[in-house]
Amino acid sequence: MRIQRWTPAFYSVLVAAHAGTMLLPFPRRMTWSYAFVLAVLGVTALLCARRAMLAVTHNRPLWLLLLGGLLAKGTAFILLFADSLVHHEGTLVMADPTFWFCLSSLFFVSAAAYDPATPLLRWASVADVAVGTLAAGLFYLSTRQMLASDATPPERLMLFFDVLDLFVVIFVGIRLLGTRRADERRFYAVLTAFMIIDAAAASVHNRFVLASESYLPEVLLSAPTAMLGIMLARRRTVWMRGFRPSAAQRRLSVSLRPLALSIAASLAAFAFTQAQPVLALYAMATVLLVFTMRGTLIAWYQLTIEGQLRSLRRGLQHAALHDPLTGLLNRRGLFRWLSREYEPARHARGLCIALIDIDHFKLYNDRYGHLAGDRCLEQVARALAREGDGMPACVVGRYGGEEFLMLLPHVSAIEARRFMDVVRATIGALPQDFDGQPTHPVTLSVGIASTQGRDWPTLDRLLRDADVALYEAKALGRNRVVVHEAIRVA
């Protein structure tokens, strides 16, 4: 909190002293101007380093890239300061800061291109930074060529730097409008504001230098960095607090960033064609190659993800419709089959439903334990599935607890009862043991309901009839098959 209070006052004193020095007839005013600019840059760099240390891990590279841009800009002003010690009017005889200004812009572009959200975006960020580095290198070579030529007017060189600053502003703004996380959005809000102020100040400064003999425009060199320092001193920015980009905006931002970098690099290479046509051709080929490789990487990753999602969806669908213990259809799976096949069965021979219950299963669990009960359920489920394979179109599922359901299409009630008698006898003859210790045999009670010989009932009515038949089988002593409205008890 103390930093937030003293930072605006401190920067105000520095900027005011800078302006006062430029207004008064001090000797070596350019040297003093660069000294004030370096002082402001130094304090701002310290505040940025502090923010990098306090930032969460995934955001720390962003603040470090911003710090790198400030240090590169500071190096450029150190060269200008050293040159002004010998040449008081700042004629750039001893030093050329162009490289460091280009490097500073590259750091800011890299901060906007960096996206650690997924492994794919991290690799894509590497490709974007590579294209940005190529564009910055070509821009630097073009400016060097202009500086070496006496025929290049200063206005053209200024326009060249204005285009660079405008591109950085647009690129950072694209990233800001597509950033989902609030902490990252605060960073890009700070960076965008700084880049807008810095670009406007640099453009106005350069034109005032040509049009006026006054030293006051030199204050514009320190003002943007002072504004950045004030923003860095605040724990949180209040700008765009309610802004939340939509999914379409995020996708548009991710798509536009590599396109913007590739266009910038291609235009920089095109501007270099007259001086070095071969180098420009190689640069354009490199941009095309990196852009194509980036697109290939994204396409490969998306196809991989789609394959994984399809596999996951199949697994989820299977898990949603099948019982995890027995592997049979669960209640939802059974009802899904019935909702799809019940009405078409009206035009066939009919449909029988067999509701099956393991007799005295609670006592089995209490005597032998729940693990033995699970083993019993698995054995009964396998036996039902094996027997069901011998009946055409038979469907077997776990209805719930120790109850199972068999759907028997195209059979009469008498055929269903005979089949379930065989099933009941087969399961009753299965050897039962757990951990090498024998357990008592398992018997089944079965209730059957059929659509045959009656008006086509609703599915709920048919299930209720099967449940009534099952309770009748239990009331009659269990270990038997009962058909609802049966001809006789098995």
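In this structure, P217 and F208 approach most closely via the heavy-atom pair CG-CB, 3.6 Å.
With values rounded to the nearest 0.5 angstrom, M195 atom CE is found 6.5 Å from L191 atom CG. R398 CZ to F404 CZ: the interatomic distance, rounded to the nearest 0.5 Å, is 6.0 Å. Put simply, NE2 on H205 and CG on D198 are 11.5 Å apart, with the number rounded to the nearest 0.5 Å.
A centroid separation of 6.0 Å or more is found between the aromatic rings of F187 and Y114.
Ionic pairing of R331 and D323 is not present here: no N-O contact between side-chain nitrogen and carboxylate oxygen is shorter than 4.0 angstrom. By the 4.0 Å N-to-carboxylate-O rule, D366 lies close enough to K362 to be salt-bridged with it. Between D128 and R175, no side-chain nitrogen of the basic residue sits less than 4.0 Å from a carboxylate oxygen of the acidic one, so the salt-bridge criterion is not met.
Judged by distance alone, the side chains of R251 and S255 never bring a donor and an acceptor atom under 3.5 Å apart. Donor-acceptor pairing under 3.5 Å is recorded for the side chains of R181 and H58.
For the side chain to side chain contact (heavy atoms under 4.5 Å, CB included) test, residues two or more places apart in sequence or in another chain that qualify with M227 are I197.
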*Begin with the C-alpha distance, continue with both residues' side-chain angles, and end with the deciding distance and a verdict on ring-ring contact (aromatic ring centres under 6.0 Å, His included) for F139 and F160.*
CA-CA 9 Å; F139 181 87; F160 215 54; 4.7 Å; yes
